[in-house]
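Reviewing the structure listed below.
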Amino acid sequence: RLASEHKPIQHIIGETSFFDFTVQTDSRALIPRHDSECVVELALDQIPEDQNVFVADLGTGTGVLLLAILKARRKARGVGVEHSAQAIELAEMNRKYVLAKPDRMSVFHGSWSDWTGWEQCDVILSNPPYIRSDVIPTLSPEVKDFEPLDALDGGADGLTAYRDIIGLGAKHMKAGAHLVFEIGYDQKKAVSELLSDAGFKDLKHAQDLGGNDRAISAIKT
Ligand code: GLN
C-alpha cells in the first residue's frame with residue numbers, strides 16, 4: 001500500500017474553501033477545517049462593522065482565520081504570526097491570493113514570544129496546536145502523516161500553547177482587547193479556567209458544525 005494513498009485531497013487540489021473564499025493549501029501548514037468557521041464568527045461578534053480594528057492571528061498557518069476576518073471587516077488590518085518558515089511562505093502567498101488590498105495583512109516570522117505587537121491589538125485570535133501528544137499516534141493517516149505536527153501537538157495535556165498565549169496576553173494585551181481561541185472538543189472547562197485565573201472576563205463559547213465546543217473568547221481586564 002502506498003503512503004500517498006492517504007494524501008489529503010486538499011494537498012492534491014492545492015486549495016481549500018473556507019466560508020466564501022479559498023486559500024492555497026499544501027503540506028506546509030494545517031488544512032483549514034470548516035469547524036474553525038465558528039472561531040471566526042465568535043471573533044466577528046466582538047468586532048463592530050465599521051471600526052479600524054487591528055487583529056493578530058497567532059500561529060496563522062495558511063492565514064485562513066485572519067483572512068476571513070479581514071474579508072468580513074473591510075476596515076480591519078492585521079498580522080499573522082508564524083514560527084514555521086514553511087507555513088509563513090503559504091500565509092504570504094494567501095495574503096496576495098485572497099485580499100484585493102494585500103497590505104491590510106502583514107506577516108511576522110517568529111514565535112509568539114518573540115513578537116512584540118500585543119498591546120496594539122484589539123483582537124488576538126489563535127487556533128494553536130491542542131491535541132495531547134499521546135493522542136497524535138491515533139489520528140488518521142491523512143492528518144498525522146501529511147499535516148505539520150507542530151500545528152497539532154499541544155504537549156502532554158494539550159494545553160501548552162494556551163498557557164503560553166494567555167500568560168503573555170495577560171501581561172501585554174491592552175485592557176478591553178479580545179482573545180479568541182479555537183479549542184479541542186473537551187477543553188472548554190480547562191481553557192476557561194486558564195483565562196479566568198489570568199484575569200480575563202466575559203467568557204463566551206461557540207460550537208462547531210458537529211455541536212462540539214470549539215471556540216472561546218474573553219476580554220482582557
Ligand atoms: N482540529 C484539528 C484536528 O483535529 C486540530 C487543530 C489543532 O490542533 N489546532 O486535526
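Quick caveat, the model's predicted, so the values are computed rather than measured.
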Does [X] use its side chain to pair, donor to acceptor, with the backbone of [Y] at less than 3.5 Å?
X: R104; Y: L70; result: yes
X: S217; Y: L179; result: no
X: R73; Y: L44; result: yes
X: T16; Y: T25; result: no

Closest contact, heavy atoms only, [X] versus [Y]:
X: T138; Y: D134; answer: CG2-O, 4.5 Å
X: C121; Y: A177; answer: O-CB, 3.4 Å
X: L149; Y: K144; answer: CD2-O, 4.2 Å
X: V39; Y: F181; answer: CG1-C, 4.1 Å
X: A206; Y: C38; answer: CB-O, 4.3 Å
X: D50; Y: K75; answer: O-CD, 3.5 Å

Does any part of the side chain of [Y], heavy atoms only, come nearer than 4.5 Å to the side chain of [X], both counted from C-beta?
X: L90; Y: D26; result: yes
X: S106; Y: R95; result: no
X: P32; Y: T62; result: yes
X: V53; Y: Q46; result: no
X: D213; Y: Q187; result: no
X: H172; Y: W115; result: no
X: L30; Y: N127; result: yes

Decide whether [X] and [Y] are clustered together by the hydrophobic rule: side chain heavy atoms of Ile, Leu, Val, Met, Phe, Trp, Tyr closer than 4.5 Å, transitively.
X: V55; Y: L99; answer: yes
X: L66; Y: F54; answer: no
X: V107; Y: W112; answer: no
X: I136; Y: L159; answer: yes
X: V23; Y: V40; answer: yes

Can you tell me how far apart [atom1] ([X]) and [atom2] ([Y]) are? Round to the nearest 0.5 Å.
X: K174; Y: D122; atom1: NZ; atom2: CG; answer: 4.0 Å
X: D57; Y: L67; atom1: CG; atom2: CG; answer: 8.5 Å
X: I183; Y: R214; atom1: CD1; atom2: CZ; answer: 7.5 Å
X: W118; Y: L168; atom1: CH2; atom2: CG; answer: 4.5 Å
X: E182; Y: E37; atom1: CD; atom2: CD; answer: 11.0 Å
X: F108; Y: L58; atom1: CZ; atom2: CG; answer: 11.0 Å

request  = Return the orientation label for the F21 and F18 ring planes: parallel under 30°, perpendicular over 60°, tilted otherwise.
outcome  =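 Because their plane-to-plane angle is over 60°, the rings of F21 and F18 count as perpendicular.
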
query = Once the angle between the rings of Y162 and Y130 is folded into 0 to 90°, is it parallel (under 30°), tilted (30 to 60°) or perpendicular (over 60°)?
reply =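 Aromatic pair Y162/Y130 classed parallel.
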
key: Residues forming a side chain to side chain contact (heavy atoms under 4.5 Å, CB included) with I13, sequence neighbours excluded   =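 Checked I13 against side chain to side chain contact (heavy atoms under 4.5 Å, CB included); matches are I9, E15.
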
Indicate every side-chain donor-acceptor pair of residues 194-205 with a distance under 3.5 Å to a residue at least two apart or in another chain.
residue: S196; atom: OG; partner: S192; partner atom: O; Å: 3.0
residue: H205; atom: NE2; partner: S192; partner atom: OG; Å: 3.0

query = Any side-chain donor-acceptor pair under 3.5 Å between H6 and E142?
reply =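 There is such a pair (donor and acceptor under 3.5 Å, judged by atom type) between the side chains of H6 and E142.
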
inquiry  = Just to verify, which of R28, R33, K7 counts as forming a salt bridge (Lys or Arg N to Asp or Glu O under 4.0 Å) with E147?
reply    =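 For E147, the salt bridge (Lys or Arg N to Asp or Glu O under 4.0 Å) check succeeds only for R33.
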
Donor-acceptor contacts, no H, no angles, side chain residues 77-85, under 3.5 Å, sequence neighbours left out:
residue: R77; atom: NH2; partner: D103; partner atom: O; Å: 3.0
residue: E82; atom: OE1; partner: T60; partner atom: N; Å: 3.4
residue: E82; atom: OE1; partner: G61; partner atom: N; Å: 2.9
residue: E82; atom: OE2; partner: S84; partner atom: N; Å: 2.9
residue: H83; atom: NE2; partner: D150; partner atom: OD2; Å: 3.3
residue: S84; atom: OG; partner: Q86; partner atom: N; Å: 3.2
residue: S84; atom: OG; partner: A87; partner atom: N; Å: 2.9

